[in-house]
2 protein chains.
Amino acid sequence: MTPSQRADGTTGLDVVDLTTAIENFNRYYIRLPSVQQLSFTTLSVLDALVSGGPKRLTELVRTEQISQPGLTQLVTRLERDGLVERRPDPADGRAVLVHLTEAGRAVRQARQDDRERHLAPLIARLTPAEREAIASALPALTRLAELGAEAEAEARSRTER
Amino acid sequence: MTPSQRADGTTGLDVVDLTTAIENFNRYYIRLPSVQQLSFTTLSVLDALVSGGPKRLTELVRTEQISQPGLTQLVTRLERDGLVERRPDPADGRAVLVHLTEAGRAVRQARQDDRERHLAPLIARLTPAEREAIASALPALTRLAELGAEAEAEARSRTER
DNA sequence: CGCGATACATAAGGAGCTTATATATATCCG
DNA sequence: CGGATATATATAAGCTCCTTATGTATCGCG
């Protein structure tokens, strides 16, 4: 791992160190087998519905970073599998509200439990200092992701429409 | 975010906190647009070849967690695009050594630069404490990934052959 | 009302994975 | 040494999940 001292004198966080660590982690994490096998985007949509309630397709398109037809198809598959339901939006005849079903909620929870089963024993093998270091970084990582999402949204609003 | 105090009294790192943070980060990070669009696995293979030199298909299959035919096809696409070359292994007539080409090296570097361009301004907006927190966590995250890879390897060796 | 904008769906095509199976070379053992 | 078995890779068929291009219905506004 390269040192975190930057050439310009800034101390702290080197981008290459970050991306390297994240990618090494993801190489393991992304492929964590799940009982049901659901794509990254699928889970992301289920997460969005769990935390934010029913949403329009358009709304999901904005956050999920796939094309609108791609999302329509994803929702169609999810509906076929009984994980979500399409319901008309009473306020707008063009729109559709995507509702999570109980089965959808259960699937997401099952997969959460699954990850927990895999990761918990590994975390137990870390030193207390390592655990503390990761725990301390999570709020900052979350904020970094938020900043990234904002930047994306801005970039989109400048180029489109 | 739930508190990091576990019900069993263990302090430190809650699995749900970790997976939530990682997934929020990945939602942004994974989809970071790249000039060339390369799949996660593709980049992972290029990374492996950059850091470890030419490798057999079999060797890549072990680390990349995709099936052997899947990897053969991936290498075929990479070869078609001029990013790698297949060369015979002088020591084993059955084997193939996958070599990175200059173009392959350049593509990987371009994408590394790309991520740097995207992330650097975001990192600059974090507080010094946040940057420090993330930097301090990276070695632990790396170790967590290593433990995960080991566990996977063990699980495989128990079930297969 | 009619016209542009918006929300979603459909169609066609390609990437990238899977399992099952084939082929070539290596290795081991009597 | 020769044949059985194991190993390294390739091919085939099929599915998921994305893309772009385009179609259709509804909304809102002058």
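In what follows, chains carry the letters A, B, and so on, assigned in the order in which the sequence lines appear, proteins first and then strands, with residues in each chain numbered from 1. Bear in mind the structure is a predicted one, so any value in this text is a computation, not a measurement.
Atom CZ in R62(A) sits roughly 11 Å away from atom C1' in dA7(C) (whole-Å rounding). Spacing between atom CZ of F40(A) and atom P of dG16(C) amounts to 17 Å, rounded to whole angstrom units. The separation between I66(B) atom CD1 and dT16(D) atom C1' is 15 Å, rounded to whole Å. A straight line from CG of L38(A) to P of dC17(C) spans 18 Å, rounded to a whole angstrom. When rounded to the nearest whole Å, the span between CG of L78(B) and C1' of dG16(C) equals 12 Å. The nearest whole Å value for the distance from the CZ atom in R80(A) to the P atom in dC15(D) is 11 Å. Regarding L60(A), its CG atom lies at a distance of 13 Å from the P atom of dC18(D), rounded to whole Å. The distance from atom CD of E64(A) to atom C1' of dC18(D) is 14 Å, rounded to the nearest whole Å.
Annotation for A140(B) and L126(A): closest pair O-CD2, 4.3 Å, computed over non-hydrogen atoms. Counting all heavy atoms, side chain and backbone alike, I123(B) lies closest to R131(B) at O-NH1, 3.0 Å. Minimum heavy-atom separation, A48(B) to L60(B): CB-CD2, 4.1 Å. Taking every heavy atom of both residues into account, L100(A) and L83(A) meet most closely at CD1-O, 3.7 Å.
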Strictly under 4.0 angstrom, non-hydrogen atoms only: write out the protein contact profile of nucleotides 9-14 of chain D, one letter per nucleotide from the 5' end, B, S or -. BBBBB-
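Listed nucleotides dT19(D), dC17(C), dC17(D) differ in distance to S67(A); the shortest reach to its side chain belongs to dT19(D).
Under a 4.0 Å N-O distance rule, the pair R94(A)/D89(A) does not qualify as a salt bridge. A salt bridge links E23(A) to R115(B): one of the charged nitrogens lies within less than 4.0 Å of a carboxylate oxygen. R143(B) has no carboxylate O lying under 4.0 Å from a charged side-chain N of E146(B), or vice versa, which leaves the two without a salt bridge.
Note on D89(B): nothing from the nucleic acid sits closer than 4.0 angstrom, heavy atoms only.
Where G93(A) and R77(A) each meet DNA chain D at their nearest nucleotide, the meeting point lying more 5' is that of R77(A).
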